[in-house]
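What follows is one structure encoded as structure tokens, with my remarks underneath.
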Amino acid sequence: NKSSFFDRAIRDRRSRSIGAPTRRHSATMISKSLLTSLAILQLLTTTDAFSSPAATTTSTSITADDATGVETNARKRIGRKSFLQKQSQDKLQTILTPDELHNLALSLSKRKRGSHGFYKGWIHWRTAALDTIRHDLSQNLPQPANNDQFANLFFRLGVASDLGQMPSFEDAGARSGYAIEFFCRARNLADLYIDAWNPSYEFPDFWIDGLMDTPMLGGDDKKSASLDDGEVLPYSMVSLGGGPGFDYVGAALATAFCSYTSTTEPSSQNNAVQATILDYEEGWGDLVQAMGNSTKHVLQNSNLNCNWGGKCDITKSIFDPNNAACLEIVGTTQLWTCQYCVAENANRLQESKYIFWEELFKHAQIGSVFVLSEVHPRIWPDFYHLIEDHCPYMQIGFNKRGRQMLLRKGGGTDDDNDDDDDTQSSSKPLLISEKDRVLVKKFEELAKYHERKINSGYKRQAPKTRGAR
């Protein structure tokens, strides 16, 4: 019958595939055998293969010492989406001019906020704007980008996140490559602001309240400081570990786009943003200046300003000499951002008991907002317990499944910022939703899994060269 016929056919096919390999399989097996034999023969004919110092230094795994700056040949493949690779091959997509971006924003920003059309228009515009800013920056780099050094830095960034030890940004060519290739970090922060109108996202109430009147959403920040003559000061933001200025670009994009939907003129001082970039690596200074110039030129907005503030070490007290620039502006800053530099400093942060963050939260002005971003949320439980024990006036929430930690300093009056007041809002309960409290428990489990993985001997391996064995 028909069923027995098919059963016999399947058995015959299986027996042929097991007992008699196809011509293609036979050829593959023979070629692999020949390659293995040739490799063994070459190894045997090289008498110093095991005694040569060079042979012992070609390993692509990186240890903890390597993560702190020891050079290595390990590199991460940049990929086909690399801007530098497309630029070298003359495969860049059409780059819009500043005037074209301006006209496009005028058209797309008029759509109803929160609608599908508004977000579709925003994504279209910010993608084109980022491409134009990046292209402009690539023409004005203080130092040319070095692909090999950047690929090496790219790999060491992953190792640093694994081990909690900061990599080295000493190489100027690697820094230029980083500035060109990681514009996704500006995009992520810009989207965070615009998503405040997105009904698909459930943000904490304190986050919406703290953001809605800011220039990034086209509002008139009534809490902005003013001079004696009544002139309103720009909205102040500080980017910690922010070289080469991606956080500023994200804020500038949202501000420029939403300025066309605002009731005030785009040139109004109420839509102005002043960003200060602080970083441990002082070599970022020239790139921050170049990033600020390219952003202002492309967006055609003279009220968007960015400057290099100086050195900052988030693993030391805010009163440490390395953090003098941060201490000077701590009481006037309205927005603090810190993207992708917490996990790579995890070990030193734990040793310092997060003293920098405890003091920063204490001395920041009431109502200031904090955005911390990381690839993995396993570091957030440490912040949660810090706030629970020492800074209960801070409000906590999460976004992007924990990749972004959102904070706001609540409670009290300006008198609470006095240095001698150690009981600042200490009687108030920790403000966090039950949903986010459950997330903290999950993040603690992730941290335990990662610790076990590292303690078991895990080492990140560099990608193999295509065609190599």
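Only a predicted model underlies this, so the values are computations on that prediction, with no experimental measurement involved.
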*Got more than 12 heavy atoms from elsewhere within 6.0 Å of CZ, R403?*
no
*Just wondering, more than 12 heavy atoms not from E328 lying within 6.0 Å of its CD?*
no
*Where does the angle between the aromatic ring planes of F150 and F182 fall among parallel (under 30°), tilted (30 to 60°) and perpendicular (over 60°)?*
perpendicular
_Between D191 and R126 (salt bridge meaning N to carboxylate O under 4.0 Å), is one present in this structure?_
yes
*Start with the C-alpha gap between H363 and F319, add the side-chain angles, then the distance that decides, and say whether ring pair (Phe, Tyr, Trp, His ring centres under 6.0 Å) holds.*
CA-CA 11 Å; H363 296 284; F319 299 101; 5.6 Å; yes
*Check the angle between the aromatic planes of F246 and Y178 and answer parallel, tilted or perpendicular using the 30° and 60° thresholds.*
tilted
*Taking atom OH of Y280 as the centre, report whether more than 12 heavy atoms of other residues, nucleotides or ligands fall under 6.0 Å from it.*
no
*asked:* For the backbone of G173 and the side chain of Q149, can you confirm whether one donor and one acceptor N or O come within less than 3.5 Å of each other?
replied: no
*Relative to each other, are the rings of W284 and F169 parallel, tilted or perpendicular (30° and 60° limits)?*
tilted
_I'd like to check the ring-ring contact (aromatic ring centres under 6.0 Å, His included) partners of F356; sequence neighbours left out, ordered by chain and number._
none
*asked:* With a sphere of 6.0 Å drawn around NZ of K442, does it hold more than 12 non-hydrogen atoms of other residues, nucleotides or ligands?
replied: no
*asked:* Please check: side-chain N/O of R175 versus main-chain N/O of E170, any donor-acceptor pairing under 3.5 Å?
replied: yes
_Within the 4.5 Å heavy-atom criterion, are W207 and R408 side-chain neighbours or not?_
no
*Show your working on side chain to side chain donor-acceptor pair (under 3.5 Å) between Y119 and N198 and close with a plain yes or no.*
CA-CA 8 Å; Y119 288 105; N198 193 338; 4.6 Å; no
*Heavy-atom count around K448 NZ within 6.0 Å, excluding the residue itself: above 12?*
no
_Could you check whether any side-chain heavy atom of N399 comes within less than 4.5 Å of a side-chain heavy atom of F203, counting everything from C-beta outward?_
yes
*ring pair (Phe, Tyr, Trp, His ring centres under 6.0 Å) evaluation trace for Y384 with F398*: CA-CA 11 Å; Y384 172 79; F398 298 103; 8.4 Å; no
_E451, CD atom: more than 12 neighbouring heavy atoms under 6.0 Å_ = no
*Verify the neighbour count for atom CG of N347: are there more than 12 heavy atoms of other residues, nucleotides or ligands below 6.0 Å?*
yes
